[in-house]
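Working notes, beginning with the structure itself.
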Amino acid sequence: MSLMFRTHMIVDMPDGMRGVDEDLAELRVLVRRVGDRWMGAQVASAAAEANMMRGRRAEAREAYEEALRLAREVGAHTEAPFLLARLAELTYRDGDTDGAERGLDEAARESERLRLRDAHAFVDVMRAVLALDRDDPAGARAWIASAGAQVHVGTPPPHFAIALDGFVARIEAHEGAGPAAVTAAANVLRTALRGHCADIIVISLAEGLAYALHRADDAARCARVAAAVGTWRQDIPRSVPERREAEKLAAACLAALGEDGVAEARAAGAALGPEGVLALVEPYTAGTGDGGDAVRSS
């Protein structure tokens, strides 16, 4: 039990989940020896989360399906809604939005039936993601508001609220909030760093910042932040939607800056760490309202 909980904690911490593979391997041996299927479901879920953090979608799906099967075998029905929602998220990450909708519908029904607020909040966030993917910011706002209402009466982990704020900033950027959306995205990224969020959450929030810069027509900073995040990713592959957005931003930067300008921006951005990225967008966050005046003068 102690090793299992420690492993779950490591998955949600920064610094590349050091030691998680060794812990998971030991847990697999212990579970087989003990023969406890509920414990097996927890270990499979931890393995799935670790694979999600690394962008290994096929391995994550296999582990989530194992966790769901074992949980249902032993009657741990409260485990099912979140696992179903995670499987739906994987379907979306593979590029199948219709399949993701169907998976979320099933997860929502189970969450409602069992009155599980935290799982329902995650379902609502994923519905917001799909809405924005369909170019429906109003729908995304409605689903995020619903998720926020669930959070207030549930017990989600602290990083969930941070991710929620990051997505609100993305909606604002999509709606054309310009510098204000950049400010919001930068502030959420700063909060995630101070809160020691997992690496993939920091990466996702920084990509949201790059998107906000793109929507604010700041191609130079967008290209630098995108290059920085590409370095942070190392060997973590992008999902289908993430790859589609990265290509869109790259094309926009190329059109605005030209090949030489993009090359210069990427070279400057590749060496930036998270604090360097925040320093880069400081003109937006330096206490000048929406940041517009500071950016225009920088």
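What you are looking at is a predicted structure, and each value in this text was computed from that prediction instead of being measured.
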Quick one: [atom1] on [X] to [atom2] on [Y], what's the gap to the nearest 0.5 Å?
X    : Y    : atom1 : atom2 : value
L164 : I144 : CG    : CD1   : 4.5 Å
L249 : L213 : CG    : CG    : 9.0 Å
M4   : Q42  : CE    : CD    : 5.0 Å
R69  : E65  : CZ    : CD    : 10.0 Å

- Message: Name the residue from R28, R61, R37 that meets the salt bridge (Lys or Arg N to Asp or Glu O under 4.0 Å) definition with E66.
- Response: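 Considering R28, R61, R37, a salt bridge (Lys or Arg N to Asp or Glu O under 4.0 Å) with E66 is found only for R28.
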- Please examine the side chains of L30 and L3, heavy atoms only from C-beta on, and report whether any two atoms are closer than 4.5 Å.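 Yes - at least one pair of side-chain heavy atoms lies under 4.5 Å apart.
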- Is there a side-chain contact between E172 and R215, using heavy atoms and a 4.5 Å cut-off?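 Side-chain contact under 4.5 Å: no.
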Please check: side-chain N/O of [X] versus main-chain N/O of [Y], any donor-acceptor pairing under 3.5 Å?
X    : Y    : answer
D94  : D96  : no
W232 : D199 : no
R221 : L280 : yes
D136 : L132 : no
T7   : D23  : no

- Message: Here's a test for you: under side-chain contact (heavy atoms from CB on, under 4.5 Å), which of T191, D165, L189, L193 qualifies with L205?
- Response: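 When side-chain contact (heavy atoms from CB on, under 4.5 Å) is applied between L205 and each of T191, D165, L189, L193, only L189 qualifies.
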Determine whether the side chains of [X] and [Y] contain a donor N or O and an acceptor N or O closer than 3.5 Å.
X    : Y    : answer
S111 : R117 : no
E49  : H8   : no
D124 : S146 : yes

Are [X] and [Y] connected in the hydrophobic side-chain network, where two residues link if heavy atoms are under 4.5 Å apart?
X    : Y    : result
F122 : F167 : yes
W143 : I171 : no
L87  : F82  : no
M126 : L84  : no

- Task: Under the side-chain contact (heavy atoms from CB on, under 4.5 Å) rule, what do M52 and L90 come out as? Steps first, then yes or no, please.
- Result: CA-CA 9 Å; M52 279 285 277; L90 278 168; 3.3 Å; yes
- Task: Determine which pairs satisfy salt bridge (Lys or Arg N to Asp or Glu O under 4.0 Å) with at least one residue from residues 247-269, sequence neighbours left out, and list them in order.
- Result: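 Every pair satisfying salt bridge (Lys or Arg N to Asp or Glu O under 4.0 Å) with a residue in residues 247-269: there are none.
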Taking all non-hydrogen atoms of both residues into account, name the closest pair between [X] and [Y] and its distance.
X    : Y    : answer
A67  : L83  : C-CD1, 3.8 Å
L130 : A100 : CD1-CB, 4.2 Å
V225 : A210 : CG1-CB, 3.9 Å
A108 : V123 : CB-CG1, 4.0 Å
R54  : P237 : O-CD, 3.3 Å
A71  : E79  : CB-CB, 3.8 Å

- Query: Who else is in L116's hydrophobic cluster (ILVMFWY, side-chain heavy atoms under 4.5 Å, direct or via others)?
  - Reply: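 L114, listed by chain and number.
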- Message: Checking one residue: L257. Which other hydrophobic residues are in its cluster under the side-chain 4.5 Å linking rule?
- Response: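 Grouped by the 4.5 Å side-chain rule, L254, V262 form the rest of the cluster around L257.
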Answer yes when [X] and [Y] have at least one side-chain N-carboxylate O distance shorter than 4.0 Å, and no when they do not.
X    : Y    : value
R93  : E242 : yes
E112 : R109 : no
R244 : D133 : yes
E106 : R102 : no
R6   : E26  : no
E62  : R57  : no

- ring-ring contact (aromatic ring centres under 6.0 Å, His included) partners of Y64, counting only residues at least two apart: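 ring-ring contact (aromatic ring centres under 6.0 Å, His included) check on Y64 returns nothing, list empty.
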- Task: Using the test ring-ring contact (aromatic ring centres under 6.0 Å, His included), find all partners of Y211 that sit at least two apart in sequence or belong to another chain.
- Result: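 Y211: no ring-ring contact (aromatic ring centres under 6.0 Å, His included) contacts found.
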- Item | Partner residues of E207 under the salt bridge (Lys or Arg N to Asp or Glu O under 4.0 Å) criterion, sequence neighbours left out |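 Once residues adjacent in sequence are excluded, the partners of E207 under the salt bridge (Lys or Arg N to Asp or Glu O under 4.0 Å) criterion are R233, R238.
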- Message: For R190, I'd like to know if atom CZ has over 12 heavy atoms of other residues, nucleotides or ligands within 6.0 Å.
- Response: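 Count over threshold, so yes.
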- Please check if atom CD in E175 has more than 12 non-hydrogen atoms from other residues, nucleotides or ligands closer than 6.0 Å.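 Counting neighbours around CD of E175, more than 12 heavy atoms of other residues, nucleotides or ligands fall under 6.0 Å, so yes.
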